[in-house]
Amino acid sequence: MLELKVVKRGRRVRLSPHQIAFHIAHSALKVPTYILVQYHPPGAPTIHGAQWLLYKGAQVQDLLERGLDTPDYQGWPADNVRWHLLQYALTC
C-alpha cells in the first residue's frame, strides 16, 4: 500500500485518524506500507525544487510528531525521479 501526500505549506503531513490506524495496524502485522510525500519547500512553487520523500508506514508516529524533519527512507528531486529506484525501494 502506498499513501500519496502533497505538502505545499509548512512541514506537516496531514493524515486522517483512519490512515494513521491503518499504517500502525499493518506495521504491527509486518505488512509493508509506505507514505510518499511530494514536498514543495518555500520558494519552490513548481515541480522544480520540489522533492519526493518516501517513508515506511512504521514511521507514521514520527511523521505525525516531527513532520518532514523525520528522516526519509528514500528521497528524490521531484523533477528528476528515477522511478525504477522507487519501485526497487517498495519491493525491498
Could you tell me which non-hydrogen atom of [X] sits nearest to which non-hydrogen atom of [Y], and how far apart they are?
X	Y	answer
Tyr55	Asp72	CE2-CA, 3.5 Å
Thr70	Gln59	CG2-NE2, 3.8 Å
Leu36	Leu2	CB-CD1, 3.8 Å
Pro41	Ala50	CD-CA, 4.0 Å

Using 0.5 Å steps for rounding, measure from the [atom1] atom of [X] to the [atom2] atom of [Y].
X	Y	atom1	atom2	value
Leu90	Met1	CG	CE	11.5 Å
Gln19	Ile35	CD	CD1	8.5 Å
Trp52	Leu54	CH2	CG	10.5 Å
Arg14	Lys5	CZ	NZ	10.0 Å
Gln61	Ile20	CD	CD1	7.5 Å
Glu65	Leu63	CD	CG	10.0 Å

Check: [Y] main-chain N/O paired with [X] side-chain donor or acceptor under 3.5 Å:
X	Y	value
Arg11	Leu68	yes
Arg82	Leu85	no
Lys56	Pro32	no

With hydrophobic residues grouped by side-chain heavy-atom distances under 4.5 Å, do [X] and [Y] end up in a single group?
X	Y	value
Leu53	Val13	yes
Leu86	Tyr34	yes
Trp76	Tyr39	no
Leu4	Val60	no

For the residue pair His26 and Thr33, confirm or rule out a side-chain donor-acceptor distance under 3.5 Å.
->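 No, Thr33 and His26 have no side-chain donor paired with an acceptor closer than 3.5 Å.
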
Quick one: does Lys8's side chain get under 4.5 Å of Val6's, heavy atoms only?
->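 Yes, close enough: below the 4.5 Å cut-off.
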
Test item: Glu3 and His23 side chains (from C-beta on) under 4.5 Å apart, heavy atoms |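 Yes, close enough: below the 4.5 Å cut-off.
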
